Protein chains: 4
Amino acid sequence: MPPAPNPELRNQRSHRAILDAALELTTRDGYTKVTVEAIAQAAGVGKQTIYRWWPSKAAVVLEALNDLTGPAGRVPDTGDVAADITVAAQAVTHMLGTDLGTVWRGLVADAQGDPRLAEDLRESFFEPRIARWQERLDTAVRAGQLRTDVPTRTIVELLFGPIYYRLLLGTDRLDPENTAARVDYLLNGVGQR
Amino acid sequence: MPPAPNPELRNQRSHRAILDAALELTTRDGYTKVTVEAIAQAAGVGKQTIYRWWPSKAAVVLEALNDLTGPAGRVPDTGDVAADITVAAQAVTHMLGTDLGTVWRGLVADAQGDPRLAEDLRESFFEPRIARWQERLDTAVRAGQLRTDVPTRTIVELLFGPIYYRLLLGTDRLDPENTAARVDYLLNGVGQR
Amino acid sequence: MPPAPNPELRNQRSHRAILDAALELTTRDGYTKVTVEAIAQAAGVGKQTIYRWWPSKAAVVLEALNDLTGPAGRVPDTGDVAADITVAAQAVTHMLGTDLGTVWRGLVADAQGDPRLAEDLRESFFEPRIARWQERLDTAVRAGQLRTDVPTRTIVELLFGPIYYRLLLGTDRLDPENTAARVDYLLNGVGQR
Amino acid sequence: MPPAPNPELRNQRSHRAILDAALELTTRDGYTKVTVEAIAQAAGVGKQTIYRWWPSKAAVVLEALNDLTGPAGRVPDTGDVAADITVAAQAVTHMLGTDLGTVWRGLVADAQGDPRLAEDLRESFFEPRIARWQERLDTAVRAGQLRTDVPTRTIVELLFGPIYYRLLLGTDRLDPENTAARVDYLLNGVGQR
DNA sequence: TTGTAAACGAGACGGTACGTCCTGTCTTTTA
DNA sequence: TAAAAGACAGGACGTACCGTCTCGTTTACAA
């Protein structure tokens, strides 16, 4: 086993340049077309410097994306749960509709065949965001706005499942209006009263 | 442009052997690890024979999978829409929980960077199934069991989104029981009455 | 172990192009500066095609050189052994004084750290030539022109040792005249009678 | 140009440790397999410390070898030139037959593609030794034991050429007995009287 | 029954990207 | 304030697959 590199000696300039180049290239040329070598070159960095700190192109891009979006933020709480989750879910929908959504698709694709990356994706991205959503929904449950017999984690899946479904299967365009409508269906049910 | 091959001269033995080998290898070794060359070898076939009839490994595996599951079937109609879609969605959940689900993940992954494959995936797999589901849901709408102001295509997304969310993002295990519960939430809403 | 490639299916055009490019580049740029990739590119060939047929750059260059010089020829026999070996040894001296000598130095250098190459070098180049020389010297022994108690293989070493000494250690320039003088010293001895 | 380091500040402990490690590692693992980094590590020294004082691995090993064998000594002079050069040449033959010979081969190999190293090799090793041999042979010439019309430098080549020929081309094992026989052939000639 | 044309098994090919290794320089930290 | 430790830019290595391209060899229909 090669000795683990010492993070304290890490060159911050290179680090930044790599993340910037990764984002720049993947959004411009498409995730799949970008190679580790191209990122290294664009960042003015040796290929080994990338492999010293990340195990793969995907890991670099994931960090670049996480770095761009910042840590998971709290879901807004105005007291009106329907309005709050509509706004927040629409923001996600909008983001996934840009170039970043395309990069994101590449990342999720790579994760299908790379368990370590999948784990990293969940831990660094999905779980923190799911947790923030659950906090907001728990508040709503306590406020008597949501059923008490539905796990909030399941509600999160009901909200985001259809968004990722469209993103990854491409059956329909990602559309904030549709996202808003879905919140209504979700809260009130699609069954006839 | 090379002359299009004549499908009538296609060797049926090879065709079958290729589909069988593709399924066998991808379920055994994992989608990503399998190469076109390995499929050709396992099928006792030249690599060119595969490329003559399919554009990529993914296309072969997609046909193998479609061949295995048969054409989209009608969703059962006992008159009780809740029971019917529960049963049918659970069947899907179960299937995606087996080895085939893993193969399926590989296929969807490849489709992220291959628009032709994505199109093929939608046309040959998703759209026919969505159509059958919509037919069943339309019946339920006419029977006054579902709201009339919700597009049935959206209901399908609400049903399957969370299933593919779990399959592709791996946040939780695929679970038929959870699928059943979700039908309830979907029909009755998660909001407090 | 990967299956050994079938030599009968070898592409003659590529084969030739590789040997030509190897010689061209090594004489032009210097043996050490040439990479396998550069040879491949100059030959219009994939790198793998080189590695399919040769284990290393050195092996390619060795074949190119052997191909250029042809199989070991018989040493001339006019009856005058002194004259014959002078002429032949001068020819070798001259050849090693050209660009090819420089390439040859690179080859011998690589052989110091690569036993397989060293073996190849001996078997395909040195031993056949040593054998031809021994044949000529044997004739001279039988003709009463050389001592019978000196192994002819040793005489070959005495002739060529100094040539390679100069080539590889660079103490003096390779010089056909000096080579001629050495034949005299060798036959008549440097000791005072 | 970076300021030349001041040799007086050179740390003697490190210097020794580097030479010792270089010899230890090259004899144990083979010249080619040893890297500058490995020498630095084994010597408990930073890589830069090596590059500050030597231009390459070869230069370090050359100094280590020169340091081990000491400066070129006078060739023995008992009055019997045949006996003297036999003994001295056998000593060289024996040395080159040990592990050191293998290291030496690596050094000569590197010199083929590195003119500066080749120059260093000649100046620090070969020329001094050639000079000592010439002194002894000059004495023999004056004593009427050697022909006066043969440059002594050429006699040295005739003596050592075959030894390096075997060392570098590997056609036969290095053998002190053979070396002794060659002195006879050299002095008395291989031609029939 | 033979001729011919297409598909076939086999596998070499040109090419791209990979992840590793080493070089020689530069930077940080420690003593 | 020197030097160990080691990160860095650069670049070659040898491997793995890709999708294309020859090869002869069946196979199946036409003459």
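So that the names make sense, note that chain A is the first sequence line, chain B the second, and so on, each numbered from 1. Because the structure is a prediction, the values reported are computed rather than measured.
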What nucleic acid atoms does S56(D) come within less than 4.0 Å of, heavy atoms only: base, sugar-phosphate, or nothing? nothing

Does OP1 or OP2 of dC13(E) have a side-chain N or O of R52(C) closer than 4.0 Å? yes

Do any side-chain nitrogens or oxygens of W54(C) fall under 4.0 Å of OP1 or OP2 in dG14(F)? no

Kindly say if W53(B) contacts the phosphate of dC8(E), meaning a side-chain N or O under 4.0 Å from OP1 or OP2. yes

Looking only at side-chain atoms of T49(C), point me to the closest of dA9(F), dC26(E), dC13(E). dC13(E)

Closest listed nucleotide, where the reference is the side chain of Q48(B) and the choices are dA3(F), dT20(F), dA9(F): dT20(F)

R10(C) CZ to dA12(E) C1', straight-line distance once rounded to whole Å: 11 Å

Using the side-chain heavy atoms of V45(B), tell me which of these nucleotides is nearest: dG9(E), dT23(E), dG19(E). dG9(E)

Nearest heavy-atom approach of Q112(A) to L167(B) is OE1-O, 4.2 Å

Of K47(B) and Y51(D), whose closest DNA chain E nucleotide lies nearer the 5' terminus? K47(B)

Would you mind telling me which residue lines up with the more 5' stretch of DNA chain E, Q12(C) or S14(B), judged by nearest nucleotide? S14(B)

Given atom CD1 of I50(D) and atom P of dT25(E), what is their separation to the nearest angstrom? 13 Å

Comparing nearest nucleotides in DNA chain F, the 5'-proximal residue of the pair E37(B), H15(A) is H15(A)

Here's a test of your reading of the structure: between K57(C) and P7(A), which maps to the more 5' nucleotide of DNA chain F? P7(A)

With the side chain defined as heavy atoms from C-beta on, L9(A) is closest, among dC8(F), dA12(F), dT29(E), to dT29(E)

How would you label the contact of P5(A) with the nucleic acid (heavy atoms, under 4.0 Å): base, sugar-phosphate, or nothing? sugar-phosphate

Mind checking the CG-OG1 spacing from D99(B) to T26(B)? Nearest 0.5 Å is all I need. 9.0 Å

State whether the side chain of R52(B) and the backbone N or O of P5(B) hold a donor-acceptor pair below 3.5 Å, judged by distance alone. no

More than 12 heavy atoms from other groups under 6.0 Å of CZ on R10(C): yes

Please determine if R16(A) and D67(A) form a salt bridge, counting it only when a charged side-chain N lies under 4.0 Å from a carboxylate O. yes

